[in-house]
Amino acid sequence: MSAPQIPVILSSSPSSAATIGRDLMRRTLRMMILSRTLESKLASLYKAGKIVGGVYLGTGQEAFSGSLGCLLDQDRDIFAPLIRDQAGRTAFGEELIDATRTHLGSAQGPMRGRDGNIHRGRPSERRPAMISHLGSAVSVVAGMLIARRMQGSLTGVVGATCVGDGATSTGAFHEGLNLAAVEKLPLVILVADNQFAYSTPRERQFACNSLLDRAAGYGVGGIEIDATSLVSCLTGIQTAVNAARSGNGPQMVVGRLLRLCGHGEHDDGSYVAPELKNSLLGRDCVENGKVELIELGYATAAEIESWQEEASEQVQEAVAIAQKENGPDPYCEDWRAVSTPGMQ
Amino acid sequence: MSAPQIPVILSSSPSSAATIGRDLMRRTLRMMILSRTLESKLASLYKAGKIVGGVYLGTGQEAFSGSLGCLLDQDRDIFAPLIRDQAGRTAFGEELIDATRTHLGSAQGPMRGRDGNIHRGRPSERRPAMISHLGSAVSVVAGMLIARRMQGSLTGVVGATCVGDGATSTGAFHEGLNLAAVEKLPLVILVADNQFAYSTPRERQFACNSLLDRAAGYGVGGIEIDATSLVSCLTGIQTAVNAARSGNGPQMVVGRLLRLCGHGEHDDGSYVAPELKNSLLGRDCVENGKVELIELGYATAAEIESWQEEASEQVQEAVAIAQKENGPDPYCEDWRAVSTPGMQ
Amino acid sequence: MSVTYIDAIRQAQLDLLREREDVFLYGQDIGAFGGAFKATKGLQEEFPERVLDSPISEDAMVGMAIGAAISGMRPIVEMQFADFSSVAFNQIVNQAGTHFYRTGIPVPLTVRMPCGGTPGSGPFHSQMVEALYGHYPGLVVIAPANVSDAYHLLKEAVLLDDPVIFCEHKFLYRWLKSDEIGEPGLSLGQARIARPGKHATVVTYSAMVHEAVRAADSLASEGWEIEVVDLRSVKPLDLDTVIASVARTGRLLALGEAFPWGGVTAEVVSRVVAEGFHLLDAPPLRLNAKDTPIPYHPDLWASHRPTPESIVEKLRELLNF
Amino acid sequence: MSVTYIDAIRQAQLDLLREREDVFLYGQDIGAFGGAFKATKGLQEEFPERVLDSPISEDAMVGMAIGAAISGMRPIVEMQFADFSSVAFNQIVNQAGTHFYRTGIPVPLTVRMPCGGTPGSGPFHSQMVEALYGHYPGLVVIAPANVSDAYHLLKEAVLLDDPVIFCEHKFLYRWLKSDEIGEPGLSLGQARIARPGKHATVVTYSAMVHEAVRAADSLASEGWEIEVVDLRSVKPLDLDTVIASVARTGRLLALGEAFPWGGVTAEVVSRVVAEGFHLLDAPPLRLNAKDTPIPYHPDLWASHRPTPESIVEKLRELLNF
Ligand SMILES: Cc1ncc(C[n+]2csc(CCOP(=O)(O)OP(=O)(O)O)c2C)c(N)n1
Ligand SMILES: Cc1ncc(C[n+]2csc(CCOP(=O)(O)OP(=O)(O)O)c2C)c(N)n1
Ligand SMILES: [Mg+2]
Ligand SMILES: [Mg+2]
């Protein structure tokens, strides 16, 4: 076996935009705008004390996460999101109401009040519900793929999951990715290197230059991209998704960007140096994405404005519905942790 | 920070032998012979049903492990051996009697019958007593080094530990090495890539070409060596030890070799293909080491023969003493798992 | 011909692989090598695609199996030793154990745990894990004491839609033989009267069932008739059978090989006193292993865990009250 | 001026850092940021070399601290949430917990565990861990219920030569205030009568002490005098104080916020019946959280754990026997 090639795409060019195409770019930007709009709303609801539990946003990571969601096939692929993947979730087909219901404590959310917010998922729709322990979804996605291989339905399927720079320090990440590499599974793993894990800067988290340096050690393909650019995200992730889909084993995509919000909405992120915010890493991918589309002639400012308005309406509606709904009724809970009667 | 340089030494030359020197080569070979002699004795005692617990040998790994033991400073360095490090233990100053006492169930062994054989250690002499869970010593050695840094006594100290190819798949290995890299500790980690983890071949364990490919991902220095050659082991490990000692952070040494025994003495290792045994990887480092010394003019065959005889005597003596000693007396056990009275 | 406990475990896996396409095995060295204890010997030959060697990655092994289990498969994961499941602990309790409650989707996963002490195995190859996993919601914890249960309970475990911690006892692997596996008797969740009696009840499970029977046998010569209840599964815990026995005998000794703080014996005693206090003629007692790591030397090991002698001693205390 | 429970924890760490050169702190975001709960706020500024941010590597964090502890230091590891210690489980029980028994060298390590539920925290930020670690040999497990104990027990924990699991309750962090930290009273290993009474004894610890006292207060209006015993440490467990209380009241309710199978309440009941059976006028009862993961929605959460109402209900059952 020869070592996988590791290309690095840190800038994007109109030519790569051409390979992506107008429709995909338009759809991704719309998803990014929708996600940003939803999350801004959740942030204000949090400030107003209306949210049950914590609020963790993906501000600044919409291009990275949303591109993945748009590049996956909603009908057969697997997507295991983490805490900053609202854009990916939405792009992969999650309805807004799932998000508003969990955050507002409606019993009608996918987790029925039993688990919350970013932990929501619908495993039967190939969207696992994350547990908090970082890194632990990597092996789960590997298992979902292995099941398909045994069932003869793996062909053309990709399983994708996301982690942050900090999560790469977990044993779970390491064991999971190594296992997937040994099994040569069609796994795509996005590493959002957003400069911080909570307040901890990269240099207290790892000592390599780029987390992409880890790909070779797992024997997996890899690519590093400027995740503040939509074109670069779509191009890079498409390469990885295609490589995985066509049987080249796991692919790692390291996205360089900056978290443009606190760790959670309880955190003001004051530890992020202004120079970093003002650097290229701090570029807002949504605003930049708009410029990218306009410059490519793929959308007009007016169109984008209308997407924004549409998004606001959709979000309003999803919030309004969830707000009217009741929370779970503890007296109707059956308090059963196993499915088989008598087994508790 | 710039990426650490990763040299690969797969063959050795007389010129590298010169940098090692006659004394070190002689001492290391003697330690290897002593270790091999002890382990052969343990193997026959095992077959004779005289051993308490299992027997795990380092046959074929004496050059790799013994070189490390000889290159470390017994008065200040730390050495956390694993299951195939009899040579390293002996070279680092462990007395033979420690090994025979644990294996023969004497209460006077370092573990007093409470733990056995390869788990023995003397932490107060900077030789931690391994637990079985693979990979978990890496972080412990890191902590021993961090303690010294805080105490102002780290200068010139190296902490070393060994793992096999299989142990690199553990989360503990990953977390521990990453932590050590972040703290830029003088840690030397030997990876004995002996082609198998128990019966599991490399290709079911990892997907990279060489485990050395992992070094860059941790941001640590690395070197890969032919571990069947004593010159190559001493040269390569010396480079790593020196680099760690002079402040260049953790160093990984991947040794390519073959386990020349079963996983334990209960295992005949019949899953090892004859081609592999007959390949260069299957070369016996002890026999080869003798040739190396003789060819370099560092020892005569007669001298080596006398070392062998001396070793046999020493082993006989250590076995004889331990065999006469009693096992632990359960009626004298205080069954205390904590040191402070009243805290159990 | 006779069947050992480990044969039964191998046979159950073979039959499951043959009967169902959704069953697969995953673990270290379980393929061509047949596993550290040969519980999977020859199985990869017949099912090369469904008997897979894993890397030394217990966390990922269980995570992988969970992913497969929610995708229509019924994985059996072999821990090489139960003690190494400490590395998979997070995936077991937090991912597998919570999944049904959180999402409504069950996780039909079985983790085979070679448990318990044998002489010379030491602190890290001898642990019991039923107390650990019994404490966490969402897991079924089984601990068969005989050949027939080893077979039938493993089959039931794999067919159950929920995650099962299957605690096998290494001491029984080759030591325990039976003429045949036999027909299924009780089902999962039901305790068994391993030996009937009327003066005191010993509630236990796994290898300790045999030690308890030995203790009972030796007290029989003095006229004491000791009833031994084999729990078979510690979660669910068949309190009805236990209480019925205590109702007959008026005396309870809860016996286990695990560490003494908490665990099965504490759970048994607490439930019995809560629901059957009036049935008791004497204080219910417990006997467990000692509160230290499991010693490696056979002489220490034999004193660390309960023995027929120490059980007899405890029973005398109970009977003489 | 008033001191909160979290202030006391911070103060204990500050005083330890000032008084002793061998103490250091290690954990995620505990440096400049001061920790997720601000338990280490400002400490790195004063002790830049001894307050270190760790990577997200719980296994290695504890392994590292063990290595430091056997090299003359007294590390305090902060888990960001106790729930994440599942990843460090192996190092805690198998490396730290076995070390003294195996080698004779103690491991003066303290692991700070932010435990327990708060509304909206859900299954992975609410767990209690005392049952988990109490089961394993070689660990001391502490669970302070008030401001003074939070301070003094943490100081004792760090000065102890053995590994300590220090279970802090997040619900108490800011909610619990005191005028001052006060002088040390009881020492580690001694339980405290949190509220004297004579009709029944509630044995509990951590945040449940306050819920028990509330329940007791509300029953007081009916003339019932309920004694509340705060264990302070669950291992060692001060059975003398518990038995003395049960001797006075004749009735026992063991109360905890953990999952209901096994754990502290089972251990308390089992020990009391073994040694104080004759003191009991009624079956000893237990009240724990429900046997599911801890739900995220505050309304479910409030029903999952014991409340003053459910405690009162259980106490009535006990008193009416
Ligand atoms: C095993 C584990 N330890 C600690 C935490 C607490 N925690 C939640 S998010 C987080 C930071 C994650 O950083 P990173 O992986 O870089 O993702 P980001 O938040 O930057 O997107 C931490 C420490 C956790 N969830 N899991
Ligand atoms: C966490 C863990 N899982 C499983 C084992 C059981 N085990 C002991 S040695 C071994 C194989 C180790 O292989 P490798 O690391 O390559 O070392 P080698 O034996 O080849 O020297 C296994 C699986 C263990 N000790 N620890
Ligand atoms: Mg990050
Ligand atoms: Mg190996």
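Every chain is numbered from 1 and lettered A, B, ... according to where its sequence line falls, protein lines coming before strand lines.
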Using non-hydrogen atoms only, which part of His174(B) is less than 4.5 Å away from chain C: side chain, backbone, both, or neither? neither
Looking only at atom types and distance, does a side-chain atom of Tyr296(C) sit under 3.5 Å from a main-chain N or O of Thr102(B), one as donor and one as acceptor? yes
Leu134(B), part contacting chain C, at a heavy-atom distance under 4.5 Å: side chain
So, Thr200(B) versus Asp53(C): side-chain donor-acceptor pair below 3.5 Å or not? no
Residue selection (most heavy-atom pairs with chain C, distance under 4.5 Å) from Gly113(B), Ala107(B), Ser136(B): Gly113(B)
Residue-level interface, residues 335-344 of chain B with chain C, non-hydrogen cut-off under 4.5 Å: Trp335(B), Arg336(B), Ala337(B), Gln344(B)
Suppose a student defines contact as a heavy atom less than 4.5 Å from any heavy atom of chain B. Which residues in residues 305-314 of chain C would they list? none
Could you walk me through whether His119(B) and Phe124(C) pass the ring-ring contact (aromatic ring centres under 6.0 Å, His included) test, one step at a time? CA-CA 10 Å; His119(B) 295 106; Phe124(C) 311 115; 5.8 Å; yes
Contact origin within Ala36(C) toward chain B - heavy atom pairs under 4.5 Å: both
Chain B heavy atoms under 4.5 Å from Gln80(C): which part of the residue, side chain, backbone, both or neither? side chain
Any residue of residues 81-96 of chain C which, by heavy atoms, sits under 4.5 Å from chain B: Asp83(C), Phe84(C), Ser86(C), Val87(C)
Report which part of Ser121(C) has an atom under 4.5 Å of a heavy atom belonging to chain B: side chain, backbone, both, or neither. neither
Given that the side chain runs from C-beta out, which part of His125(C) has a heavy atom under 4.5 Å from chain B: side chain, backbone, both or neither? side chain
Is there a donor-acceptor pair closer than 3.5 Å between any side-chain N or O of Gln205(B) and the backbone N or O of Ile56(C)? yes
Nearest heavy-atom approach of Ser303(C) to Pro330(B) is OG-CB, 3.0 Å
Measuring heavy-atom distances to chain C, does Ala167(B) have an atom under 4.5 Å in its side chain, in its backbone, in both, or in neither? backbone
The complete set of side-chain hydrogen bond (donor to acceptor under 3.5 Å, both in side chains) pairs with one or both residues in residues 35-44 of chain C, sequence neighbours excluded, reads none
If you tally heavy-atom pairs under 4.5 Å against chain C, which of Gly105(B), Pro328(B), Gly166(B) wins? Pro328(B)
With the side chain counted from C-beta on, respond yes when Pro298(C) and Val52(B) share a heavy-atom pair under 4.5 Å apart, and no when they do not. yes
